[in-house]
There are 2 protein chains.
Amino acid sequence: MRSYGQYCGLARALDVVGDRWTLLIVRELLLTGSARYTDLLNGLPGIATNLLAERLRDLEEAGLVVREEAPPPVATALFRLTPRGQALEEVIAAFGRWAAPLMGEINPGDEVRPQWYLLPIRLYLRDASPDKPPMAIQLLMDGEPLLIETAGDGTLRSRPGSAESPDATLAGAPHVIMGLLAGRITLAQARKRGLHFRGEHGALRRIARRHSASRPTGPGR
Amino acid sequence: MRSYGQYCGLARALDVVGDRWTLLIVRELLLTGSARYTDLLNGLPGIATNLLAERLRDLEEAGLVVREEAPPPVATALFRLTPRGQALEEVIAAFGRWAAPLMGEINPGDEVRPQWYLLPIRLYLRDASPDKPPMAIQLLMDGEPLLIETAGDGTLRSRPGSAESPDATLAGAPHVIMGLLAGRITLAQARKRGLHFRGEHGALRRIARRHSASRPTGPGR
DNA sequence: CCGCATCCGGGGCGATACTG
DNA sequence: CAGTATCGCCCCGGATGCGG
């Protein structure tokens with residue numbers, strides 16, 4: 001990208017990550033930890049293949065991404081964020097908070113990937129009872145299963161994957177599952193909107209908003 | 001800008017403010033409160049006039065900026081951020097923190113505007129002695145004078161302008177003044193690098209870093 | 001199949017000139 | 001002062017090809 005040529009933090013940051021698609025690529029790498037080229041293509045619907053390759057080169061050159069050759073059984077290249085790249089999580093989190101009022105409805109034609117919810121889960125939700133034993137909630141939207149796990153310190157970890165015996169399992173539309181987790185709708189309302197719930201209700205009650213601003217933390221889920 | 005077409009907070013945010021120059025325009029409006037078209041042009045060296053006009057239209061349409069007609073003595077249009085636009089300060093602050101390691105040296109050809117320092121001052125510095133009486137520090141870089149004032153709650157306010165009798169006056173190169181305020185260099189070192197200081201040393205000592213991470217808060221300034 | 005490179009059309013961007 | 005108009009260029013998007 002052409003430099004702004006300004007001695008200003010914002011301008012310098014945008015010189016590095018201001019190109020189209022760049023921050024979305026960082027988002028994908030934040031979600032998945034490490035990803036193959038094809039995984040990235042799948043997580044970035046709409047990107048042209050040459051642009052992805054070019055951005056990955058730029059990110060590598062800027063020291064935000066490293067390319068690793070996976071061992072023989074896989075024998076493919078993996079892309080991973082450096083600590084410097086991971087530090088962009090705060091920027092992306094700030095964008096996400098700002099965008100919250102924009103996330104009302106899914107526009108027709110909008111793409112959705114379940115993995116995109118991994119970031120909001122660990123950034124904006126927390127474990128309300130960190131002293132209780134660890135637990136896991138299995139999410140089944142379309143496509144790959146996601147897993148939420150308590151970290152023990154009040155935060156949540158989220159990753160693609162499955163647990164053998166999760167404390168609770170939620171299956172349904174992404175919008176409904178997230179509405180339930182964020183406390184915007186009750187379990188009963190979610191079930192009316194097609195959610196399948198199995199497991200402990202207590203597991204669900206442990207999920208709270210991090211900066212509970214609007215809704216009072218009381219019963220009602 | 002072309003939409004990413006993804007139901008994802010980051011993507012939706014970038015749909016609105018991901019265009020080139022857009023966030024820098026928001027930066028200018030955050031700094032100045034309200035600005036004329038020409039002020040923006042001056043604060044955004046390198047932007048094309050048609051792009052500035054187009055971005056201002058887009059920002060107005062997105063509800064981030066309002067255009068006001070100034071009363072007759074001025075009789076010119078003023079641009080101002082809406083609350084929704086001001087909320088982008090957190091995003092810009094996150095970018096600024098991430099960019100801190102990139103701000104080592106001023107590249108040849110880089111433009112500098114004193115007003116760009118207003119944001120780092122109020123975002124990353126604080127009043128270490130909020131119980132003491134209010135004070136003001138006058139900054140004189142090139143161009144327009146800047147003013148730092150204590151807000152009484154431990155935060156600092158910063159704006160373009162002059163005080164009649166500031167508690168301290170700092171005149172010199174932007175880089176030197178900011179290094180001194182952030183505690184990266186001592187007053188003696190700053191003086192060697194051309195800084196002119198007048199006033200109370202105590203005023204200077206009241207300025208501290210907000211999230212003092214690396215340097216222990218001790219004497220040494 | 002994976003990880004690109006190449007080619008091409010269209011539009012966003014940059015620079016300058018011009019105008020009410 | 002506050003933009004609009006114009007023009008060239010390069011970035012981007014989409015499709016296809018191609019070596020490992």
Quiz prompt | Qualifying ring pair (Phe, Tyr, Trp, His ring centres under 6.0 Å) pairs with a residue from residues 79-105 of chain A, counting only residues at least two apart or across chains | solution = A/Phe95-B/Phe95
Exercise. Output yes when a side-chain donor or acceptor of A/Arg113 lies under 3.5 Å from a complementary backbone atom of A/Asn42, and no otherwise.
Key: yes
Quiz item: What residues in residues 3-28 of chain A put a non-hydrogen atom under 4.0 Å from any atom of DNA chain C?
Solution: none
Exercise. Would you mind reading off the distance between B/Ile47 atom CD1 and C/dT16 atom P, rounded to a whole angstrom?
Key: 15 Å
Self-check item: Pairing residues for B/Glu89 by the salt bridge (Lys or Arg N to Asp or Glu O under 4.0 Å) criterion, not counting sequence neighbours
Solution: B/Arg122
Hey, can you pull the donor-acceptor pairs under 3.5 Å for the side chains in residues 11-25 of chain A, sequence neighbours left out?
residue	atom	partner	partner atom	Å
A/Arg12	NH1	B/Leu102	O	2.6
A/Arg12	NH1	B/Glu105	O	3.3
A/Arg12	NH2	B/Glu105	O	3.0
A/Arg12	NH2	B/Asp110	OD2	2.7
A/Asp15	OD1	A/Tyr4	N	2.9
A/Asp15	OD2	A/Ser3	OG	3.0
A/Asp19	OD2	A/Met1	N	3.4
A/Arg20	NH1	B/Arg2	O	3.3
A/Arg20	NH2	B/Arg2	O	3.2
A/Thr22	OG1	A/Asp19	O	3.3

Can you give me the N/O atom pairs linking the protein to nucleotides 1-4 of chain C at distances under 3.5 Å, or say none if there are none?
residue	atom	partner	partner atom	Å
C/dC2	O3'	A/Thr76	OG1	3.2
C/dG3	OP1	A/Thr76	OG1	2.2
C/dG3	OP1	A/Ala77	O	3.4
C/dG3	OP2	A/Tyr37	N	3.3
C/dG3	OP2	A/Thr38	N	3.0
C/dG3	OP2	A/Thr38	OG1	2.8
C/dC4	OP1	A/Arg67	NH1	3.3
C/dC4	OP2	A/Arg67	NH1	3.0

Quiz item: Knowing that exactly one of B/Glu28, B/Glu68, B/Glu60 qualifies, which makes a salt bridge (Lys or Arg N to Asp or Glu O under 4.0 Å) with B/Arg80?
Solution: B/Glu68
Exercise. Please confirm whether the backbone N or O of A/Pro145 pairs with a side-chain atom of A/Gln138, one donor and one acceptor, at under 3.5 Å?
Key: no
Exercise. Quantify the bending of the helix from C/dC1-D/dG20 to C/dG20-D/dC1 as the angle between its end axes, each fitted on five pairs, to 10°.
Key: 30°
Quiz item: How long is the gap from CD1 on B/Ile148 to CZ on B/Arg159, to the nearest 0.5 Å?
Solution: 11.5 Å
Quiz item: Rounded to the Å, how far apart are A/Leu52 CG and D/dC12 P?
Solution: 13 Å
Quiz item: In whole angstrom, what separates A/Glu69's CD from D/dG20's C1'?
Solution: 12 Å
Contacts table for residues 166-181 of chain B: side-chain donor-acceptor under 3.5 angstrom, sequence neighbours left out:
residue	atom	partner	partner atom	Å
B/Asp167	OD1	B/Ala136	N	2.9
B/His175	NE2	A/Tyr7	OH	2.9
B/His175	NE2	B/Gly104	O	3.3

Quiz prompt | Residue pairs, two or more places apart or on separate chains, that pass ring pair (Phe, Tyr, Trp, His ring centres under 6.0 Å) and touch residues 136-174 of chain A | solution = none
Taking N or O atoms only and anything under 3.5 Å, show me the protein contacts with nucleotides 8-10 of chain D, one pair per line.
none

Quiz prompt | Counterpart residues, side-chain hydrogen bond (donor to acceptor under 3.5 Å, both in side chains), relative to A/Arg57 (two or more places apart) | solution = none
Practice problem: Can you sort out the partners of A/Glu90 under salt bridge (Lys or Arg N to Asp or Glu O under 4.0 Å), two or more places apart, ordered by chain and number? | Solution: none
Quiz item: Among B/Arg209, B/Arg210, B/Arg206, whose salt bridge (Lys or Arg N to Asp or Glu O under 4.0 Å) with B/Asp127 holds?
Solution: B/Arg206
Quiz item: B/Arg191: what forms a side-chain hydrogen bond (donor to acceptor under 3.5 Å, both in side chains) with it, not counting sequence neighbours?
Solution: none
Quiz item: In whole angstroms, how far is the C1' atom of D/dG3 from the CD atom of B/Glu60?
Solution: 14 Å
Quiz item: Rounded to whole angstroms, how far apart are CG on B/Leu51 and C1' on D/dG3?
Solution: 13 Å
